[in-house]
There are 2 protein chains.
Amino acid sequence: MTISDSQDGRRLTARGARTRARIVAAAADLMYVQGVGGTTLDDVLAASGVSKSQLYHHFEGKDALVRAVVDLVGERVLDRERDALGRVSTLRGLRRWRDALVRNNALRHGAYGCALGALASAVADQDDLARKALANLFTEWQELLTDVLRRLRDAGELPPDASVERLATGLMGALQGGYLLAQTAHDVTPMATSLDMALAYLESVSAG
Amino acid sequence: MTISDSQDGRRLTARGARTRARIVAAAADLMYVQGVGGTTLDDVLAASGVSKSQLYHHFEGKDALVRAVVDLVGERVLDRERDALGRVSTLRGLRRWRDALVRNNALRHGAYGCALGALASAVADQDDLARKALANLFTEWQELLTDVLRRLRDAGELPPDASVERLATGLMGALQGGYLLAQTAHDVTPMATSLDMALAYLESVSAG
DNA sequence: ACAAGAGTGGACTATAGAGTCCAGTAAGAT
DNA sequence: ATCTTACTGGACTCTATAGTCCACTCTTGT
């Protein structure tokens with residue numbers, strides 16, 4: 001049985017797929033800590049224990065690798081968020097979601113920020129393909145929030161005329177802005193405060 | 001407190017100061033569009049019409065130049081914001097501030113994001129000195145917002161027990177997150193929506 | 001006026017890092 | 001069984017870019 005490569009028409013063996021995955025995973029981890037520009041291909045090779053020809057066998061160049069990293073990180077984040085948000089249908093559940101994100105970010109004192117947000121800021125204006133992929137990932141993430149808010153609305157925790165899409169955008173904005181401020185301050189507080197204000201607004205809408 | 005080398009004991013003639021300023025201004029403009037990593041020293045030399053020895057006469061290296069860029073961009077943004085926020089004392093004034101930022105960002109369809117936020121994301125985890133400078137700049141910016149909110153509170157547009165510092169953090173978070181989402185989507189809408197939600201919260205606090 | 005040091009020009013070096021090549025091995029198709 | 005192609009290893013090239021050097025010219029203080 002052959003696994004077809006999603007990129008081009010080439011075949012992809014199980015071994016090849018494993019190598020490719022190791023490369024992307026190593027690149028993603030390095031780029032989260034060192035940044036995209038601060039991570040060299042040699043860094044990636046050393047971390048993944050793979051040779052140069054293997055990297056160039058699987059990717060056209062650094063840009064293609066970065067795009068694969070965007071895909072992987074997007075998948076990781078969305079998996080995590082689907083898990084965290086998939087069954088949330090109360091304001092209390094949303095507050096627990098906030099707590100988990102804040103607690104997790106506090107482990108690093110805010111450093112490195114949001115895996116997706118950092119990538120977005122690094123590549124948005126340099127690689128249009130990657131930018132579009134990231135825009136889609138943000139949209140998907142936001143839709144998870146929209147779904148939660150819709151459930152809140154259906155349960156009467158939000159008024160029937162609440163614009164769940166706009167509220168989800170506001171929530172995502174507060175989250176991303178909070179990540180950035182925390183990353184700059186090396187202190188998770190502004191992220192917590194920023195999210196709290198967004199959640200407080202939901203409460204005020206719910207009460208009104 | 002500045003992180004530039006303008007006060008390292010060496011004298012600085014008027015001519016030298018002009019050259020130095022030209023270098024930093026060119027670097028700031030290039031880095032806003034191409035990113036920090038995507039801008040080479042040769043780019044900066046070409047854009048400023050200056051020779052390599054001049055650059056190295058005024059800066060120890062690229063890191064020092066980036067720190068000077070942080071200072072300059074910070075000054076520009078804070079000057080603009082002092083001007084925009086200095087006399088605002090009503091919610092309506094704050095909404096006009098929002099309109100101006102959104103209108104300005106719409107000119108580029110969100111591209112490049114916030115000059116300060118983009119620098120922060122690029123530099124925060126690579127250069128601790130620059131990170132601290134950026135953290136201070138964000139704090140100053142936020143204080144301008146705190147002052148506005150304090151005036152709103154004094155005028156009765158916010159309740160006496162409103163936590164103006166926390167509200168300012170939320171406002172700044174919404175702004176920065178909005179910038180990032182707009183930059184990724186190449187569409188100013190999420191920035192407008194994000195800010196609108198923060199302002200709507202202020203209104204709800206004011207009404208409550 | 002003139003010494004000292006700030007400022008300038010641009011050729012030069014060093015090297016990190018992207019990207020190439022080719023010889024060889026594993027693995028799926030028939 | 002063997003043919004084809006995916007896959008691997010690592011030495012190699014090439015170039016972009018950071019950083020050096022030195023000879024020269026302004027500016028300023030005394």
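In what follows, chains are A, B, ... by sequence order, proteins preceding strands, each numbered from 1. As the structure is a computational prediction, the values presented were derived from the model and not from experiment. The figures here come from the full heavy-atom set of this structure, side chains too, leaving out hydrogens, waters and symmetry mates.
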* Asked: For A/Thr19 and D/dC7, is the shortest distance between a side-chain N/O and OP1 or OP2 below 4.0 Å?
  -> no

* For the helix from C/dA1-D/dT30 to C/dT30-D/dA1, what angle lies between the axis at the first five pairs and the axis at the last five pairs, to 10 degrees? -> 30°

* Atom pair distance, as rounded to whole Å: CG in A/Leu55 and P in C/dA18 -> 10 Å

* Which whole-number value in Å describes the distance from B/Leu45 CG to D/dA16 P? -> 16 Å

* Asked: Checking salt bridge (charged side-chain N to carboxylate O under 4.0 Å, His left out) for the pair A/Glu143/A/Arg82: CA distance, chi angles, key distance, verdict?
  -> CA-CA 10 Å; A/Glu143 271 162 10; A/Arg82 264 189 287 269; over 6 Å; no

* Take B/Asp29 and B/Arg76, measure what salt bridge (charged side-chain N to carboxylate O under 4.0 Å, His left out) needs, and give me the verdict at the end. => CA-CA 12 Å; B/Asp29 294 346; B/Arg76 282 181 182 170; 3.3 Å; yes

* Euclidean distance, atom CD of residue B/Gln54 to atom P of C/dG7 [Å, nearest integer] -> 10 Å

* For the residue pair A/Met197 and B/Thr169, establish whether any side-chain heavy-atom pair is separated by less than 4.5 Å. => no

* Structure fact -> Readout for nucleotides 21-30 of chain D: B = base within 4.0 Å of protein heavy atom, S = sugar-phosphate only, - = neither; 5' to 3' it is B----SS-S-

* To do: Taking B/Arg151 for its side chain and B/Val88 for its backbone only, find out whether a donor-acceptor pair lies under 3.5 Å.
  => yes

* **Distance in angstrom units between A/Asp42 CG and D/dG10 P, rounded** => 14 Å

* Structure fact -> Here the distance between atom P of C/dA11 and atom CG of B/Leu41, to the nearest Å, is 17 Å

* The side chain of A/Thr40 lies closest to which of these nucleotides: D/dG9, C/dT8, C/dA18? -> C/dA18

* Heavy atoms, side chains only, cut-off 4.5 Å: are B/Leu101 and B/Arg80 in contact? -> yes

* Asked: Under 4.0 Å: is that the gap between some side-chain N or O of B/His58 and OP1 or OP2 of C/dT8?
  -> yes

* To do: Take the protein atom CD of B/Glu60 and the nucleotide atom C1' of D/dG19, then report the distance between them rounded to whole Å.
  => 12 Å

* To do: Indicate whether OP1 or OP2 belonging to D/dG9 is found under 4.0 Å from a side-chain N or O atom of A/His57.
  => no

* So, the side chain of B/Thr139 versus the backbone of B/Ala135: is there a donor-acceptor pair under 3.5 Å, distance only? -> yes

* Structure fact -> CD of A/Gln126 to CD of B/Gln34, rounded to nearest 0.5 Å, is 8.0 Å

* Whole angstrom value for the distance that separates P of C/dG19 from NZ of A/Lys62 -> 9 Å

* Report the distance from atom CZ of A/Phe59 to atom P of C/dG19, rounded to the nearest whole Å. => 14 Å

* If you pin A/Ser51 and B/Gly61 to their nearest nucleotides in DNA chain D, which one's is more 5'? -> A/Ser51

* Residues, nucleotides or ligands: over 12 heavy atoms within 6.0 Å of A/Phe59 CZ -> yes

* Check ion pair A/Asp128-A/Lys132 (N to O, under 4.0 angstrom) -> yes

